[in-house]
Protein chains: 2
Amino acid sequence: MENEIIDFITSYIPLSGEEVSIIKEQNLIKSYNKGEVLLSEGEFSKECYFILKGCIRSYYLMDGEERTTEFYTENQSIRPVSYLTNQPSEYYLSCLEDCVVAVGSTERNKRLIERLPKLASLIMQMDSELLVQHQVSFDQFKHLNPEMRYLKLLETRADLFDRVPLYHIATYLGITAVSLSRMRKRISRK
Amino acid sequence: MENEIIDFITSYIPLSGEEVSIIKEQNLIKSYNKGEVLLSEGEFSKECYFILKGCIRSYYLMDGEERTTEFYTENQSIRPVSYLTNQPSEYYLSCLEDCVVAVGSTERNKRLIERLPKLASLIMQMDSELLVQHQVSFDQFKHLNPEMRYLKLLETRADLFDRVPLYHIATYLGITAVSLSRMRKRISRK
DNA sequence: CGAATAAATTATCTTAAGATAAGATCAGTA
DNA sequence: TACTGATCTTATCTTAAGATAATTTATTCG
């Protein structure tokens with residue numbers, strides 16, 4: 001499993017054999033069960049994640065209703081806002097499936113970067129990429145109606161529809177589960 | 001005008017007198033007239049901006065309609081996606097008012113960072129902050145209906161309503177100008 | 001000032017989403 | 001297998017947004 005992380009890192013920056021072993025000896029891989037909550041509202045997140053296997057969902061609790069903001073799957077990284085800001089988290093992270101995850105803690109990452117300064121540039125690149133992705137998906141979301149958002153999601157992340165309940169996808173699209181069901185019927189009639 | 005930039009930078013990282021003068025001698029301040037377009041769809045952006053005075057709007061052109069994605073005002077920085085990715089821009093940047101702007105070019109920034117390496121950490125911090133801001137505002141947008149978005153914008157950026165036409169604010173909120181007008185009437189009746 | 005243009009509102013009609021409640025279907029398991 | 005809870009669908013009603021066109025109000029500029 002460590003190999004996936006190494007592959008991911010070397011897709012950004014080259015690593016020597018020694019550097020690879022420094023990273024491998026960190027032992028940062030954890031498993032979580034379906035349903036486990038990695039972060040709750042109000043908590044301070046001290047960890048970031050890289051998903052090797054499984055699916056993690058982020059969501060807010062609004063008037064008792066869960067509002068999904070993201071589905072993270074294989075090879076995606078999660079950098080909780082709370083982790084970046086040292087403020088209490090506004091949202092939850094929980095596992096929709098059994099997961100295998102590479103976990104970085106604030107302190108361990110700091111120590112690791114001291115030993116391998118080039119990792120800092122990896123983080124910069126990842127942040128910059130995340131920034132771009134967010135901006136693009138926000139802009140898209142804002143200017144597509146729910147039906148177009150649904151069709152786009154079908155195109156870009158078809159896998160989600162096989163592994164995630166529709167009512168979570170509905171709130172992710174910004175609509176209710178009832179409305180999504182109705183929309184799917186409408187689309188299928190065409 | 002240079003002082004605003006120095007103030008902004010020193011709010012992140014301390015600068016010696018010498019460092020301040022290095023930055024000041026860069027002569028990176030430009031003025032633009034209302035209506036000037038700083039970036040067009042299809043162009044490669046080689047510049048990022050820090051607004052000292054005025055208001056710049058970013059927007060997509062969809063089926064001939066402008067869809068505003070952001071209003072940038074005093075003390076905000078603009079890092080175009082195209083600038084970050086070296087891909088052609090998907091959107092436009094244009095001045096809604098006469099503007100005074102600190103402009104950073106790819107090459108000049110590189111040279112500047114070579115002379116003042118600590119600026120790299122400033123950029124990292126700014127990217128990280130931007131990332132957080134985007135994520136928060138995306139999450140909010142997704143789970144508020146148009147009326148709540150409007151009320152929230154009134155709270156958080158009341159100044160925009162004095163300097164920006166409502167029909168731009170409408171597309172920024174993800175609705176039509178007609179719909180915004182109707183909504184305002186509805187709200188005022190309450 | 002007054003004409004031209006830009007910006008905002010109003011009206012009408014259509015369409016789709018929200019809320020709520022009630023069923024139907026599926027999946028895990030005692 | 002039959003029960004249970006989870007998931008998805010259907011129906012009804014209400015509300016608000018989209019499209020379009022017409023009109024009013026503001027702003028700009030010769």
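Within every chain, numbering begins at 1; the chains are lettered A, B, ... in the order of the sequence lines, protein sequences first and strands thereafter. None of these values were measured; they are calculated from a predicted model.
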- request: Please name all residues satisfying ring pair (Phe, Tyr, Trp, His ring centres under 6.0 Å) with A:Phe44, sequence neighbours left out, ordered by chain then number.
  value: none
query: Which angle, to the nearest 10 degrees, lies between the helix axes at the two ends of the helix from C:dC1-D:dG30 to C:dA22-D:dT9, each defined by five pairs?
result: 50°
- line: Per the under-4.0 Å heavy-atom filter, residues of residues 157-173 of chain B near DNA chain D come out as none
query: Restricting to pairs with a member in residues 126-144 of chain B, which pass salt bridge (charged side-chain N to carboxylate O under 4.0 Å, His left out), not counting sequence neighbours?
result: B:Arg79-B:Asp127
field: All ring pair (Phe, Tyr, Trp, His ring centres under 6.0 Å) counterparts of B:Tyr91, not counting sequence neighbours
entry: B:Tyr60
Residue pairs, two or more places apart or on separate chains, that pass side chain to side chain donor-acceptor pair (under 3.5 Å) and touch residues 13-24 of chain B: B:Asn3-B:Lys24, B:Ser16-B:Glu19, B:Glu19-B:Lys118
message: Which residues end up grouped with B:Met124 if you chain together Ile, Leu, Val, Met, Phe, Trp and Tyr wherever their side-chain heavy atoms are less than 4.5 Å apart?
response: A:Met124
message: Output one letter per nucleotide in nucleotides 18-30 of chain D: B when a protein non-hydrogen atom lies under 4.0 Å from the base, S when only the sugar-phosphate is that close, - when neither is.
response: BBBB---------
field: Pair A:Thr171, A:Thr68: side-chain N/O donor-acceptor within cut-off below 3.5 Å
entry: yes
query: Mind checking what makes side chain to side chain donor-acceptor pair (under 3.5 Å) contact with B:Glu65, not counting sequence neighbours?
result: none
For A:Tyr59, ring pair (Phe, Tyr, Trp, His ring centres under 6.0 Å) partners two or more places apart: A:Tyr92
task: Give me the other members of the hydrophobic cluster that A:Phe138 sits in, counting Ile, Leu, Val, Met, Phe, Trp and Tyr linked by side-chain heavy atoms under 4.5 Å, directly or via other members.
output: A:Phe141, B:Phe138, B:Phe141
- prompt: So, is A:Lys185 near the phosphate of D:dT9, with a side-chain N or O under 4.0 Å from OP1 or OP2?
  reply: no
Expected list for residues 98-106 of chain A: side-chain donor-acceptor pairs under 3.5 angstrom, two or more places apart:
unit_1	atom_1	unit_2	atom_2	d
A:Asp98	OD1	A:Lys34	N	2.7
A:Ser105	OG	A:Arg108	N	3.0
A:Thr106	OG1	A:Lys46	O	3.2

